[in-house]
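Just passing along the structure, written as C-alpha cells.
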2 protein chains.
Amino acid sequence: MQRKGDTNSKVYLVESGLLRSYTIDEKGKEHIYMFGPENWLVTDNCKPETPCQLFIDAIEDSILNVASKEEMVKETPDFNALFRRLNSMQNRIVMLMSSSAKERYEHFVETYPNIIPRVPLKMVASYLGITPEALSRVRNELSKNK
Amino acid sequence: MQRKGDTNSKVYLVESGLLRSYTIDEKGKEHIYMFGPENWLVTDNCKPETPCQLFIDAIEDSILNVASKEEMVKETPDFNALFRRLNSMQNRIVMLMSSSAKERYEHFVETYPNIIPRVPLKMVASYLGITPEALSRVRNELSKNK
DNA sequence: CCTATGCCTTGATGTACATCAAGAAATGAC
DNA sequence: GTCATTTCTTGATGTACATCAAGGCATAGG
C-alpha cells in the first residue's frame with residue numbers, strides 16, 4: 001500500500017477497518033508508529049514531495065477515503081507549519097522507539113545545531129530521554145572517535 | 001508562565017527567544033517535551049478546556065505572540081481532529097521518555113482498549129517500543145496481581 | 001490424520017542505561 | 001578576590017529491558 005521511500009503523498013481516512021503505519025529498522029525489526037482504526041487519518045507526516053519513512057498497510061480489510069496532501073493544504077491554512085510540527089513529533093517518537101542514546105544525540109545535533117549552545121546539556125539529555133551522566137559519556141565517546 | 005494543571009489554553013508563537021515545555025514526573029525529574037526557538041508555536045496539545053500536563057517557561061528572554069486556542073480553531077477547519085492527533089503524539093512521547101514498559105502497556109490498555117483484541121500482541125509490543133518477550137512478562141506480572 | 005507456520009511464553013544470559021556518590025570546572029554574588 | 005551554586009564529568013554498582021534459544025499451542029493445508 002505504501003512503502004518506505006515512496007513519494008506517495010496520500011492521506012488515508014479510515015472509514016472501516018484498521019491500518020498501521022510503521023518503520024523497519026536496520027535490523028529488520030518493525031516499529032509501529034500508529035494504528036489507524038475507524039475515523040482516523042493515517043499518513044506519513046512528511047512534506048508532500050519528500051519520500052516517506054513509514055510503511056502503511058492494512059491489518060484488517062478496510063474501506064478508505066483517499067485524499068492527497070495537496071488537497072488538504074488548500075482547505076487548511078498554515079498547513080506547512082503543521083506538517084513541520086507533526087513531522088518533528090513523528091521523528092521524535094521513532095527515535096525514542098528505535099534508536100540508542102548515542103543515535104538520538106547525533107540526530108539532535110544534526111537537526112537542531114543551534115539549540116545545543118543555547119541550553120545546558122542536562123536539558124538536551126532530558127529532551128533525549130536520558131540522564132545527564134549518560135549524555136556525558138555519549139559525548140565523551142563521540143569526541144574520542146574524531 | 002504555565003504550570004501543569006492550569007487550564008490556560010494559550011498558544012505561544014515565539015518571535016524571539018527560547019521557550020521550553022516539559023513535564024515533571026513523580027520523582028521530580030523534568031522531561032522536556034519541546035524547545036521553542038524563533039518562529040515555533042509552543043502549546044500544550046490538549047483540548048482547550050482541559051488542564052495542561054506540560055509546564056512552559058522561557059529559557060531566554062523572549063518576545064511572544066500569544067493567542068488563544070479558540071481563536072486558532074476559527075481559522076482552521078477540523079481543528080478538533082488535529083488536537084486529538086497532536087495530543088496523542090504528545091502523550092506518546094511523554095510515555096516513551098518517562099514510563100516503564102509496564103506503565104506504557106497499562107496506559108495503552110486504558111487508552112485503546114478496543115485495539116488490543118484486534119491485533120497480535122507483538123504489534124502492541126512494537127507500538128510500545130518493547131519486545132514481545134518483554135510484553136509477555138509484563139502481562140504475566142499484571143495478571144498475577146489480580 | 002500429519003506437518004507447517006505463526007503466535008505466545010519461559011528461561012538464561014547480555015547490555016544499555018539508570019542510580020548513587022564524589023569531585024572538577026564553570027558561573028555568579030558579594 | 002572568596003564563597004556558593006550550578007554544571008559537567010567519572011567511577012562503581014544496579015536494573016530494566018534486549019537477545020538468544022527452545023518449547024507449547026494454536027490455526028490452516030495437505
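Chain identifiers are assigned alphabetically (A, B, ...) following the order of the sequence lines, protein sequences preceding nucleic acid strands; residue numbering begins at 1 within each chain.
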For this session: Would you name the heavy atoms of A/Y22 and A/I32 that are closest together and state the gap between them?
Result: CB-CA, 3.4 Å
For this session: Quick one: label A/I130 by what it contacts on the DNA or RNA (base, sugar-phosphate, nothing), any heavy atom closer than 4.0 Å.
Result: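 Answer is sugar-phosphate: A/I130 comes under 4.0 Å of backbone atoms only.
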Exercise. Which sits closer to the 5' end of DNA chain C, B/E133 or A/S99, going by the nucleotide each is nearest to?
Worked result: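 Upstream on the strand: B/E133.
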For this session: For residues B/I56 and B/S21, report the shortest heavy-atom separation together with the two atoms involved.
Result: CG1-CB, 3.7 Å
Exercise. What about A/Y127 and B/F35, are their ring centers closer than 6.0 Å?
Worked result: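 Yes - the distance between ring centres of A/Y127 and B/F35 falls below the 6.0 Å cut-off.
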Exercise. Rounded to the Å, how far apart are B/M97 CE and C/dC17 P?
Worked result: 16 Å
Exercise. So how far is it from B/L135 CG to B/K122 NZ, rounded to the nearest 0.5 Å?
Worked result: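 Output value for this atom pair is 12.5 Å.
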Exercise. Can you tell me if the side-chain N/O atoms of A/T131 get under 4.0 Å from OP1 or OP2 in C/dA18?
Worked result: yes
Problem set entry | Closest contact, heavy atoms only, A/G17 versus A/S62 | CA-OG, 3.4 Å
Exercise. Separation of A/K102 atom NZ from C/dA16 atom C1', in whole Å?
Worked result: 12 Å
Exercise. Quick one: B/H31 NE2 to C/dC17 C1', roughly how many Å, whole number?
Worked result: 14 Å
Problem set entry | Terminal helix-axis angle for the helix from C/dC8-D/dG23 to C/dC30-D/dG1, with five pairs defining each axis and rounding to 10 degrees |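 Axis-to-axis angle, ends of the helix: 40°.
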For this session: Go through residues 113-123 of chain B and report each residue with a non-hydrogen atom lying under 4.0 Å from DNA chain C, sorted by number.
Result: B/P120, B/L121, B/K122
Exercise. Are OP1 or OP2 of C/dA16 and a side-chain N or O of A/S100 less than 4.0 angstrom apart?
Worked result: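 Answer no for this pair, as no side-chain N or O of A/S100 is under 4.0 Å from OP1 or OP2.
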Exercise. A/M89 and B/Y33: which non-hydrogen atoms are nearest, and at how many Å?
Worked result: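 Closest approach of A/M89 to B/Y33, heavy atoms only: CE-OH, 2.8 Å.
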Seminar exercise, completed: From CG of B/L96 across to C1' of D/dA16 the rounded distance in Å is 15 Å
Problem set entry | Heavy-atom pair with the smallest gap, counting every atom of A/E15 and A/E38 | O-CG, 3.6 Å
For this session: Locate the shortest heavy-atom distance separating A/M34 from A/L41; write the atom from each residue and the value.
Result: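 Smallest interatomic distance, heavy atoms only, reads SD-O, 4.4 Å.
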For this session: Write down the distance between CG (B/N140) and C1' (D/dC17), rounded to a whole number of angstrom.
Result: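 Roughly 16 Å, once rounded to whole Å.
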For this session: Take the protein atom CD of B/E141 and the nucleotide atom C1' of D/dA16, then report the distance between them rounded to whole Å.
Result: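 In whole Å, D/dA16 C1' lies 12 Å from B/E141 CD.
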Exercise. Taking CZ from A/R137 and P from C/dA18, how many angstroms apart are they, rounded to a whole number?
Worked result: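 Checked: the CZ to P distance equals 10 Å.
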Exercise. Do B/R139 side-chain and C/dT10 base share a donor-acceptor contact under 3.5 Å?
Worked result: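 Such a pair does not exist between side chain and base.
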For this session: Using the rule that two of Ile, Leu, Val, Met, Phe, Trp, Tyr join whenever any of their side-chain heavy atoms come within less than 4.5 Å, decide whether B/L142 and B/I116 are in one cluster.
Result: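 Yes.
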Exercise. Atom CG of B/L135 to atom P of D/dA16: distance rounded to whole Å?
Worked result: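 The distance from CG of B/L135 to P of D/dA16 comes to 17 Å, rounded to the nearest Å.
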